[in-house]
Amino acid sequence: MSDHYETLGVSRDASDADIKKAYRKLARTLHPDVNPGHEDEFKAVSRAYDVLSDPQKRRNYDLGGGENGQAAGGAGFGGFSDLFETFFGGGGGGGRPQPASRVRRGQDALVALHIDLRTAAFGGTADVEIVTADLCGTCEGEGTRAGTRVSTCTVCDGHGSVQQMTRTLLGQMVTNQTCPKCGGYGTVIDDPCQNCHGDGRVRANETITVKVPAGVRDGNRIQLAGRGEVGPGGGPRGDLFLEVIVEEHPVFTRDGSDLRCTLTIPMTAAALGATIPLETFDGEQGIEVKAGAQTGDTIRVRGLGAQQLRREGRGDLFVTLAVETPTALDAQQRDLLRQLAEARDETAPTGSAGETKHGPFSRLRERLAGR
Ligand SMILES: [Zn+2]
Ligand SMILES: [Zn+2]
C-alpha cells in the first residue's frame with residue numbers, strides 16, 4: 001500500500017491547505033468522468049485525502065496506525081466510503097443510482113372488443129385480434145445474437161450513469177446522468193439478435209378468445225392479467241384490457257338490463273286484439289295485444305330482458321306497439337272501411353289538436369265517463 005503523502009505528492013509536514021490543494025488538483029485530473037480508466041488511482045487519492053484531511057486520523061496514521069488512519073487496535077472513524085458518499089452524493093443522500101435492468105414488465109394494452117347484443121346480454125365468447133409484442137423466439141428475450149453476451153459498458157464502467165462535476169457558488173457539485181452509450185443499462189449489446197434487433201421481443205398478431213360475462217355493457221372493460229405486451233428484454237407481460245363495444249342489433253336495444261323493441265301490428269289487430277308472435281332471444285313469444293291498442297302502447301314481458309352483470313336475475317322486455325295504417329286497399333276493402341266509418345259515425349271525421357286522443361288523460365276521462 002503506497003504512502004498517503006506520496007499519493008498526494010506532498011511532504012509529511014504539509015499544511016492542511018497544501019493537502020487540500022494537492023487533492024483538488026489530482027481529483028480534477030483523475031476523476032472517472034474526466035479521465036476514465038484511472039479509477040484505482042482516483043480512489044487512492046480520495047483515501048489519502050480522507051485520512052490526511054482529518055487531524056485525528058492523520059495523527060494516528062503518522063503514529064503508524066492503520067492505512068485508514070485508525071488508531072492501532074482502536075476503532076476507526078468514517079473511512080473511505082463515507083468520504084466517497086460525501087464526495088459524490090453531496091451529503092444530501094442518494095449516491096449513485098443503480099444501472100437500469102434490461103428486463104422490464106411489458107406495457108398494458110387497451111383494445112376494443114366488438115360483440116353483438118346477444119353476447120353482451122347473455123354472455124359467451126368472442127374473438128379479438130390484437131397486435132402485440134411477443135417474446136423473440138430467436139434469442140428468448142436476451143437481445144444478443146446466439147452465442148454472444150452483453151458486455152460491460154466502457155463509458156460508465158457498468159454503472160449506467162456518468163458523473164459530472166460542476167462548479168457552483170457552493171463548491172463542486174456532482175450530478176449523475178444517464179450514460180449516453182448504454183442508455184443506463186451498464187451493459188452494451190455488441191452483437192444484437194438479428195430477429196429483434198436487441199429488444200428481446202417482436203411484433204406479433206394474436207387472436208384471443210375471450211370469455212364475455214353476461215350483462216356487460218358498452219364501455220365496460222375486461223381485464224386479462226398477463227395477456228398484454230411482453231416486456232423489453234423478455235420481461236413479464238403486462239395486462240390486456242378489452243373495452244366492450246356492443247354492436248347495434250336490428251331489433252332490440254338495451255336499456256340497463258331491460259331490452260326494448262318496437263312491434264308493428266296491423267290496424268285490425270290493434271282494434272280487435274290479437275296475440276302476435278315475436279322472435280326474441282328466448283325463442284318465439286306471443287305478445288298479447290289488447291283490443292283497442294294504440295301506437296306507443298308498451299307491453300312489458302317480465303324476465304325476458306338482459307342478464308344482470310355479476311348478479312342473478314334478468315331485466316324485462318318492453319315491446320312498444322306501432323299500429324300500421326293499411327295501404328294499397330282494393331275496392332272491397334275500401335268499401336268495408338267506408339261501412340265501418342259510417343257505422344262509427346266517422347264519415348265527416350274531425351281531429352283534435354294538442355293532446356293525443358288516446359293519451360293517458362283522455363283514457364282517464366273515458367273511464368270516468370263510463371265509456
Ligand atoms: Zn431476439
Ligand atoms: Zn454506459
Side-chain angles (χ1 to χ4, degrees), residues 26-46 80-81 83-90 92-109 111 129-166 172-208 226-240:
L26 285 167
R28 265 203 301 279
T29 55
L30 292 173
H31 191 280
D33 288 338
V34 182
N35 211 346
H38 294 269
E39 284 79 7
D40 288 343
E41 286 163 73
F42 180 70
K43 282 179 186 175
V45 165
S46 299
F80 166 66
S81 66
L83 177 88
F84 201 75
E85 283 299 316
T86 309
F87 190 87
F88 287 115
R96 200 159 180 173
Q98 293 293 309
S101 171
R102 285 189 181 276
V103 181
R104 276 171 288 146
R105 180 182 182 272
Q107 285 194 325
D108 294 339
V111 173
E129 199 178 317
I130 57 168
V131 179
T132 188
D134 212 350
L135 189 69
C136 173
T138 306
C139 66
E140 296 292 331
E142 291 296 317
T144 50
R145 191 201 285 267
T148 69
R149 291 184 56 80
V150 296
S151 62
T152 302
C153 176
T154 51
V155 169
C156 64
D157 203 21
H159 286 284
S161 59
V162 289
Q163 300 188 307
Q164 240 161 30
M165 245 202 308
T166 47
Q172 290 184 335
M173 299 268 291
V174 174
T175 54
N176 290 300
Q177 270 160 350
T178 302
C179 172
K181 183 171 185 206
C182 65
Y185 298 120
T187 55
V188 177
I189 296 176
D190 299 308
D191 202 357
C193 165
Q194 295 298 294
N195 190 35
C196 64
H197 307 287
D199 191 41
R201 44 191 195 150
V202 288
R203 284 175 80 78
N205 291 305
E206 210 179 319
T207 301
I208 293 179
R227 299 298 295 271
E229 295 184 359
V230 162
R237 281 177 178 268
D239 295 341
L240 176 63

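Whatever order the structure lists them in is the order used to number ligands and atoms, beginning at 1.
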For this session: For the Zn ion (ligand 2), report each protein N, O or S atom nearer than 2.8 Å, sorted by chain and then by residue number.
Result: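 Near the Zn ion (ligand 2), below 2.8 Å, one finds Cys153 SG, Cys156 SG, Cys179 SG, Cys182 SG.
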Tell me whether [X] contacts the main-chain N or O of [Y] through its side chain, where contact means a donor paired with an acceptor under 3.5 Å.
X: Asn205; Y: Val131; value: no
X: Arg102; Y: Gly200; value: no
X: Asp108; Y: Asp239; value: yes

Exercise. Above 12 or not: heavy atoms from other molecules or residues under 6.0 Å from CD of Gln177?
Worked result: yes
Problem set entry | the Zn ion (ligand 1) reached by His197 (N, O or S, under 2.8 Å) | no
Seminar exercise, completed: Between Gly228 and Thr132, the two heavy atoms sitting closest are O-OG1, 3.8 Å
Exercise. Of the non-hydrogen atoms in Gly235 and Val230, which two are nearest, and what is the gap between them?
Worked result: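 Closest approach of Gly235 to Val230, heavy atoms only: O-CG1, 3.6 Å.
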For this session: Provide the full list of salt bridge (Lys or Arg N to Asp or Glu O under 4.0 Å) pairs with a residue in residues 176-192, sequence neighbours left out, each pair given once.
Result: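 For residues 176-192: Arg145-Asp191.
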Problem set entry | Angular separation of SG (Cys196) and SG (Cys139) seen from the Zn ion (ligand 1), to 10° |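 Nearest ten degrees: 100°.
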